[in-house]
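Reviewing the structure listed below.
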Amino acid sequence: MINLNVNGQTQPLEVTPETPLLYALRDHLKLNGAKYGCGMGQCGACTVLVDGRPVFSCLFPVSSVGTREVRTLESLGTTERPGPLQQAFIDHQAVQCGYCIAGMIMRAQALLEQVARPTEQQIREHMAPNLCRCGTHKRILAAIRQVADKGQRLNAGALKERA
Amino acid sequence: MKKKRKLVVAVVAALVIGAGVLFALAIKPSIDPVAKPNVALTPTLIAQGARVVALGDCVVCHTAPDGADYAGGLPLKTPFGIIYTTNITPDRATGIGTWSLEAFRRAMRQGVSRDGHLLYPAFPYIHYTKVTDHDIEAAYAFLMTRPAAYAPARTNELPLPLRFRPSLAFWNLLYLREGAQPAASDSPVDRGKYLVEGLGHCSSCHTMMGVIGGEKRREYMQGGVVDQWSAPALDQLAASPHPWVAQQIADYLSTGLAGEHGAAAGPMRPVTENLRRVPREDVEAIAAYLLSLQQPWRAPQSSAALSDLAQRIDRGKQVFAGACAECHDDGSPMRDAMGRPALTMSSAVMSPSPRNFVMTVHKGLAWPAQPDHTVYMPPFADVLTDQQIADLATYVRSTSAQPTPWPDLDKHVAELREKSP
Amino acid sequence: MKPADAPVDKSRRAFLAGSGFMVSFALFGSWRALAGETNTLGATILAPDLPGDLKIDPILDSWIKIDAQGVTVCSGKVELGTGVRTALWQIAADQLAMPLDKFKFVTADTALTPDEGYTAGSHSMADGGTAIYHAAIQVRQMLLEAAAAKLGVPTKSLMLRDGIILSGDGRQMTYEEAAQGVNLHQQAKSVSPQGDPSAYRYIGHSIPRVDIPAKVTGGTAYVQDLRLDGMLHARVVRPPNASAQLKEIDTRAIETMRGVVKVVRDGNFLAVLAEHEWEAIQAMRALRERAQWQLTQTYPTNDTIHAVLKTLPERLYVTTRENNGPVKQVLSNASAASISAPASPTRSLAMTKQYVLHGSIGPSCAVAVFRNDMLTVWTHSQGVFPLRAGIAELLGLPKENVRCIHAEGAGCYGHNGADDAACDAAVLAYRTPNRPVRVQWMRDQEAGWEPLGPAMLTEINAVTDAHGKLQSWHHALWSTPHNSRIVNAGRLIPATLLAHPAAPASPAPIPQPEGDADRNAVPLYRIPSVRVDMHFVTDMPFRTSAMRSLGAYINVTTIEGMMDDLAEQFGEDPVAYRLQHLDDPRARDVIQRAANRFGWNLATPLPEGHGIGFAFSQYKNLMGYCAIALEVKLDKAARSVRIVRVVAAVDCGQIVSPDGLTNQIEGGIVQSSSWTLYEQALVGENGVQSVDWSSYPIARFPHIPAAIEVELIDRPGAPFLGAAEIAQAPTAAALINAIKRVVGWRPLHLPVARQDSPIFA
Ligand code: FES
Ligand code: FES
C-alpha cells in the first residue's frame with residue numbers, strides 16, 4: 001500500500017513500490033492526462049509535475065514520490081472551466097491528434113510557474129524533451145506564448161484549489 | 001645585529017631580484033595587430049587546421065551553450081573561481097581578428113595574449129606548447145576563416161589575488177616547459193603520444209591537480225575529477241577487471257560508444273563528439289599510445305562490510321525494475337536490437353569510484369544538438385532519492401564483475417547531489 | 001463512448017440486393033468508377049454516377065437517420081487528428097441548416113455507419129465530405145416538401161431556422177415531425193438542390209474543433225483511455241523479426257507472477273494477460289527474456305537496400321501520357337531490361353530514399369470483448385470495415401458477429417500498427433470470453449512491427465529542345481508496395497504468427513492516376529511524351545505500406561529537382577520555368593501566390609549559408625494544389641540545416657475550415673522537413689533495428705522551421721479536394737532545392753542532414 005498525493009488529494013494505492021507513476025495514475029487512479037508514449041523518457045507524453053518539476057512519469061517509481069505532490073493535466077481545469085494554458089491551446093487550436101498535448105501542457109506549466117516571461121528560445125529549449133509527430137509545434141509555441149506574454153507566473157496554488 | 005642586518009639586506013635583495021624576475025617573466029610585450037591574417041589561407045591548410053582544432057577540442061571550451069562556435073563565453077568552473085573562455089573567432093574587436101600568426105603561436109606556446117597579458121592555465125598552453133609549428137599555423141588558418149562573431153569577453157569571477165595576472169608567472173615557472181615536441185616517428189604510438197600530450201591535453205583532466213592547479217606529475221594519467229565526474233585512470237585500461245582493447249578505445253573516442261564498456265557521458269561527451277570529425281587513424285593512434293601507458297591494476301581500497309547489503313540490493317532491484325529495466329533489462333530491445341552493452345559491463349559500474357554511475361543517473365545523457373542516431377538517457381536527479389540511487393548503485397554493481405560495494409557510497413551520493421553543477 | 005453490443009444493421013445490403021442496380025459507366029475527372037469495382041480505399045462502388053462516397057453507399061438513411069430522438073449524421077470516415085470530424089460535421093450542419101449541437105454525429109462503426117473503406121489518401125473531404133454535402137441537402141429538401149404537404153403551404157414559402165421549419169403564418173415543425181412518413185431508406189439522386197453559400201454558418205469558417213476540449217483536459221479521448229468493467233491488460237511479445245521462429249519457452253514461472261491471468265502461446269504468437277497494466281508489462285519482460293528464437297533469414301541493410309531492390313522479383317507497370325492527353329497504365333510483360341531510357345537525355349537525375357517509420361507518438365492499442373457470440377473491437381484503425389472482414393476471416397466468425405468501432409488513437413499518418421494491435425486484442429479476447437482485453441504495444445513493438453514507409457529509387461531522364469522546352473520525360477522507380485492494407489486475414493500480423501498462419505494476399509498497387517509508388521510520377525507539366533516505369537517489387541524484405549503521400553514524396557522531390565536543374569541549365573528562373581510548362585490556371589495560381597508572398601527572387605543576396613528553394617505539386621494530379629517556397633540556413637560547423645522561413649500556397653477547392661486546413665499544412669511541412677533532414681529506419685541483417693527515438697530520431701522543438709506562413713485560396717462552390725498529405729512532397733522538394741543552392745550540388749540520398757552527411761563537409 002502506497003499513499004500518493006495526486007492533484008491535492010492523498011490516496012492509498014494497492015501497487016508495488018516499483019510501479020511507475022504513469023501506471024498508478026492511469027490504471028489505478030483512472031486519470032487520462034498522462035499518456036504512454038515510449039516508456040523510456042524519450043517523448044514526454046507522460047509528463048506530470050512532481051513538486052512543480054516536470055518529470056517523465058513512465059520512469060518514476062511510485063516509491064520515489066514520497067510526500068511530494070503529483071499534478072496531472074486534470075489539475076489544471078475542466079472542459080467547462082479550462083485553466084489558462086488549456087484555454088490557450090483551445091484558442092490556438094494547438095492540437096492535431098493531440099496525443100502529445102497533455103505532456104506538452106504539463107511541461108509548459110512547469111516553466112510558466114517558474115518564469116514570468118520566457119523568451120522564444122527559452123520556451124523551445126524547455127520543451128525539447130517532448131515530441132510531437134503531427135508537427136503541431138508552431139501552435140504549441142503560440143499557445144504557450146499567449147500565456148507567457150501575460151507576464152505573470154502561473155500560480156500553482158490557485159490551480160490546486162480548483163482541483 | 002650585523003647578522004640581522006645582513007639578513008634584511010639579503011631578503012630585500014631577494015625580493016628586489018624576485019620582483020625583477022617576476023617583472024621579466026610577467027611583462028610581455030604587445031605584438032602589433034595585423035590588418036589581415038599573415039599566412040596564406042589555402043584550402044589544404046584550412047582542412048589540416050580543421051583536424052588540428054578538432055583534436056585540440058577548441059570548440060568545446062570556446063563555445064557558450066547558446067553562443068556562436070568559437071565565440072567563447074563558456075564558464076569554466078575551476079577550484080579557484082569561474083573563468084570565462086574567450087572569443088577566438090576572427091572578430092577584430094572582440095576576437096582574434098587582429099592577431100598575427102606570431103601572436104597566435106605565442107599564445108599557444110607561452111600562454112600570452114596578443115597585448116601581452118598572461119592567460120590563465122585553464123587554457124592548456126602547457127600542452128599546446130608541444131604542438132608543432134605547422135599544426136599551429138594550420139589551426140590559425142582554420143580559426144581565421146571561421147565566421148567572425150562579436151562577443152566581448154566576460155569578466156572572470158576570481159578572488160582578488162588571482163585577478164592579479166602577473167602572479168601566473170610563478171605558476172608558469174613551475175609547470176610550463178615551453179617548446180614543440182613533434183612525434184618521434186611515424187609509428188601510431190608516437191603519433192598518439194604527440195596527440196595525447198599536446199593537442200589532446202588528455203592529462204589535464206585525467207591527472208589529479210595539485211593545490212595550485214597544476215597536474216601532479218607523479219600521478220600522470222591516474223585519473224582526475226572534472227565537474228564532479230571522474231576522469232578515469234587511463235593507465236588502468238588493460239588491467240581493469242573488464243579490460244579495454246585498442247578497437248574499443250578507438251570506437252569510444254570516435255562514436256562516444258564502446259560496445260562493451262558504455263557511452264561517453266559528462267564532460268567527455270563533447271570530446272567524443274568532436275573526435276568524430278578526425279580521421280580514424282588519429283583515434284587509433286591515441287588508443288595505441290594509451291595502451292602503451294598501462295600499469296598493473298591498483299586494487300581499490302576495500303570497503304567496510306554492509307550489514308544491510310541484502311536489503312539494499314533488494315530495494316535497488318526494485319528501483320531498477322521501475323526506472324531502468326525498460327532500457328537496461330536483459331532482453332530489452334535497446335540491448336537486443338541495438339547491441340548496447342549490459343550495465344554490468346559498463347566502466348562506470350566497474351570503476352573504483354561511484355562518481356560516474358551516480359552522475360549519469362543524476363544527469364543522464366542529453367540529446368545531441370542535431371537529431372541523429374545516438375545514445376540517450378533521461379536524467380533522474382528529480383526522480384530518485386539519494387537512498388534509491390545508493391540502493392540502485394549497490395544492486396547494479398553487485399551484478400557486475402566488480403561486485404564489491406563502493407566504499408562510502410551514501411556519502412558520495414549525498415555529496416554529489418549537493419555539489420554537482 | 002459508444003454502446004457495446006447494439007444490433008448490426010444489415011438492411012443496406014439487403015436493400016441493395018433487392019433493388020437491382022443497373023451497372024453503369026461514368027467518368028469522374030480522369031478516373032472511371034465501375035459498379036461492382038472496389039475503389040482505391042477498399043470500398044465497393046455501387047452507384048458510380050453519384051457524387052463522392054454516395055457511390056459506395058447510395059442510401060440516404062445510411063448517412064442521415066431521423067427518429068424520435070432527433071437527427072443523427074453518420075460518416076464512415078474517422079478522426080485521425082486532422083480535424084476532419086469537425087469539418088464533416090460543419091458540412092452536415094450547413095446543408096441540413098441545423099446548429100452543430102442540435103444533432104448527433106457518428107463516425108466509423110461497422111454497426112452504424114456507411115462503409116467508406118479507409119480514411120486515407122486525403123480522400124475524406126473529397127469523398128466523405130461530398131457524400132454528406134449531397135445527402136444532407138437532399139434530405140433537407142425532402143423534409144421541406146413533407147412539411148409543406150403537412151402544413152398545406154408551398155415549399156417555397158417555408159423557412160428554416162436552427163433545425164425548425166417555419167411557415168409564414170407562424171406555424172412551425174421540427175425535423176422529427178416533418179420526417180414522419182418520409183422514407184429516407186432510398187437512393188440518393190445524382191443531382192442535389194443548390195445550397196446557398198451565403199447562408200453558411202459553418203462551411204468556410206474556422207469552427208473550434210469538437211474534439212479538442214477533452215484532449216486538453218484529460219477527458220476520455222483515445223482508445224488508450226477506454227476502461228471497461230473487468231478489463232484485462234495484455235502485452236504481446238514479438239519475435240526479433242518476421243522470419244524468426246520460437247524455439248522454446250517455459251511459461252510456468254510467468255503464469256504465477258503477480259496479477260497474471262494467463263499466458264497465450266500459439267505458434268510464434270506470444271502474449272500475456274494480467275489484471276493490471278504494470279503487471280502485464282513485468283510479465284511481458286519475463287516472457288521476452290525466456291523466449292528463444294531461431295533466426296532464419298538475413299535482411300538487407302541501409303547500405304545495400306537500394307541495390308537489392310533492383311534485383312528482387314517485380315512486376316513492371318508502365319504509365320504513359322502522350323501529347324498531354326489521358327494517362328494510361330498497363331502491366332507490362334516486357335522484361336525490365338528491355339526498356340531503356342532515352343538515348344541522349346538533356347539531363348538525368350537519380351535519387352534514393354530510406355525506409356521511414358510512421359512513428360506515431362502513441363504506440364498502437366485496442367480493446368476487444370467477446371460476449372454472447374459477439375466480438376466487439378475498439379480500434380484506431382483507418383478502416384473498421386476491412387479490419388472487421390480480416391478479423392472475421394481469421395477467427396472463422398460471420399462478419400455480422402464482429403463489430404469494429406473506431407476510437408481515436410495518436411496520429412498514424414498511414415498504415416501503422418493499428419490494425420495489427422486490433423487483431424491482437426481480437427485474438428486474445430476471443431480466447432478469454434466475457435472479459436474485455438486491452439492490448440497496448442510497447443514503443444519498440446510499434447517501431448519494429450509497423451509497416452515501414454518503403455525505401456525507393458527514382459531515375460528521371462528528361463529531354464528538352466534547345467531552349468529548354470520539355471520534349472520527353474522518362475521516370476523509372478523501384479519500390480515495394482505502398483498499400484498492404486487489410487484485404488484478407490493474412491495481412492494482419494498476428495495471423496502470420498499463429499501455428500496455423502494465414503498467408504497475406506499478394507500485393508497489388510493502387511492504379512494510376514492515384515498511384516502507389518508511382519503516385520505523382522507523371523508530372524503535371526506540359527510534356528509531349530511522358531513515360532513512367534514502376535518496378536513494383538513484390539518480394540518484400542520488410543513489410544511496407546501506406547505512409548502519408550506514398551511515392552509522391554520522392555517522385556515530386558525528383559521531378560522538382562529536375563525542373564530546378566533544367567531551369568538553371570537554361571538560365572531560367574525556376575519559378576518562371578515551371579510556369580512556362582503549366583496550363584492549369586489553379587496550378588499557376590498557387591505557384592504565383594507562393595512566389596509573391598515569399599518575395600521569390602534568386603538575385604536577392606542572402607547571408608552566408610542561406611539558400612532558397614521552390615517546389616510545387618498537385619497531389620495525385622487530382623487533389624489539392626500546393627506550392628512551397630522556403631529559405632534554409634545551413635551551418636557546417638554546427639552540422640545543422642534549419643528552415644528559416646517557409647511560405648505555402650494551397651488550393652483545396654471550397655474550404656470548409658480555414659484554420660483546420662492551415663493546421664494540416666503546417667503539420668505536413670514540419671513532418672516532411674523532419675523526414676527529409678533526419679529520418680531513416682535502421683535496418684540490418686537481423687531486421688529492423690530502430691526501436692525507439694534514439695535509434696529513430698525525429699525533429700524536436702529546436703529543429704522546426706522558425707516561421708511558417710500558409711496562404712489559402714478559397715474556391716467557393718468547387719469540389720472539396722484533400723489536404724492532409726499535400727504538403728509532404730513539395731516541402732521535401734523545396735528543401736532539397738534550397739540546400740542545393742547553398743552547397744552547390746544536389747543531395748541525392750534522403751535523408752540529407754544526418755551528422756555524417758556530405759552537405760556538411
Ligand atoms: S512515455 Fe514517458 S517519456 Fe515517453
Ligand atoms: S498533436 Fe499529434 S503528436 Fe502532437
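Note on naming: letters A, B, ... go to the chains in the order of the sequence lines (proteins, then strands), and numbering restarts at 1 for each one.
Neither the backbone nor the side chain of B:Met377 has a heavy atom closer than 4.5 Å to any heavy atom of chain A. For A:Phe60, the parts lying near chain B are the backbone and the side chain together; criterion is any non-hydrogen pair under 4.5 Å. Neither the backbone nor the side chain of A:Val50 comes within contact range of chain B, judged by heavy atoms closer than 4.5 Å. Neither the backbone nor the side chain of B:Phe320 comes within contact range of chain A; no heavy atoms are under 4.5 Å apart. For a residue to count as touching a neighbouring chain, one of its non-hydrogen atoms must lie under 4.5 Å from one of that chain's; by this rule B:Gln318 touches chain A with backbone and side chain alike. Using a 4.5 Å cut-off between heavy atoms, A:Thr19 makes no contact with chain B at all.
At least one donor-acceptor pair closer than 3.5 Å links the side chain of A:Asn130 to the backbone N or O of A:Gly103.
The greatest number of non-hydrogen atom pairs below 4.5 Å with chain B, out of A:Glu125, A:Gln121, A:Arg53, is found for A:Arg53. When each of A:Leu59, A:Val62, A:Thr16, A:Val65 is checked for heavy-atom pairs under 4.5 Å with chain B, A:Leu59 comes out on top. Between chain B and the residues A:Ser63, A:Cys38, A:Cys58, the most heavy-atom pairs under 4.5 angstrom are made by A:Ser63.
Side-chain contact between B:His412 and B:Val358: absent, with no pair of heavy atoms (C-beta onward) separated by less than 4.5 Å. Looking at heavy atoms from C-beta onward, B:Tyr395 lies out of side-chain contact with B:Arg312 at the 4.5 angstrom threshold.
Judged by the 6.0 Å distance and 45° axis criteria, B:Arg397 is positioned over the aromatic ring of B:Trp406.
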Quiz item: Could you walk me through whether B:Asp227 and B:Lys77 pass the salt bridge (Lys or Arg N to Asp or Glu O under 4.0 Å) check?
Solution: CA-CA 7 Å; B:Asp227 290 350; B:Lys77 294 186 198 90; 5.8 Å; no
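In summary, the side chains of A:Gln93 and A:Arg139 do not present any donor paired with an acceptor at a separation below 3.5 Å, with no hydrogens or angles considered.
Between B:Glu415 and B:Arg417 there is no salt bridge, since no side-chain nitrogen of the basic residue lies less than 4.0 Å from a carboxylate oxygen of the acidic one.
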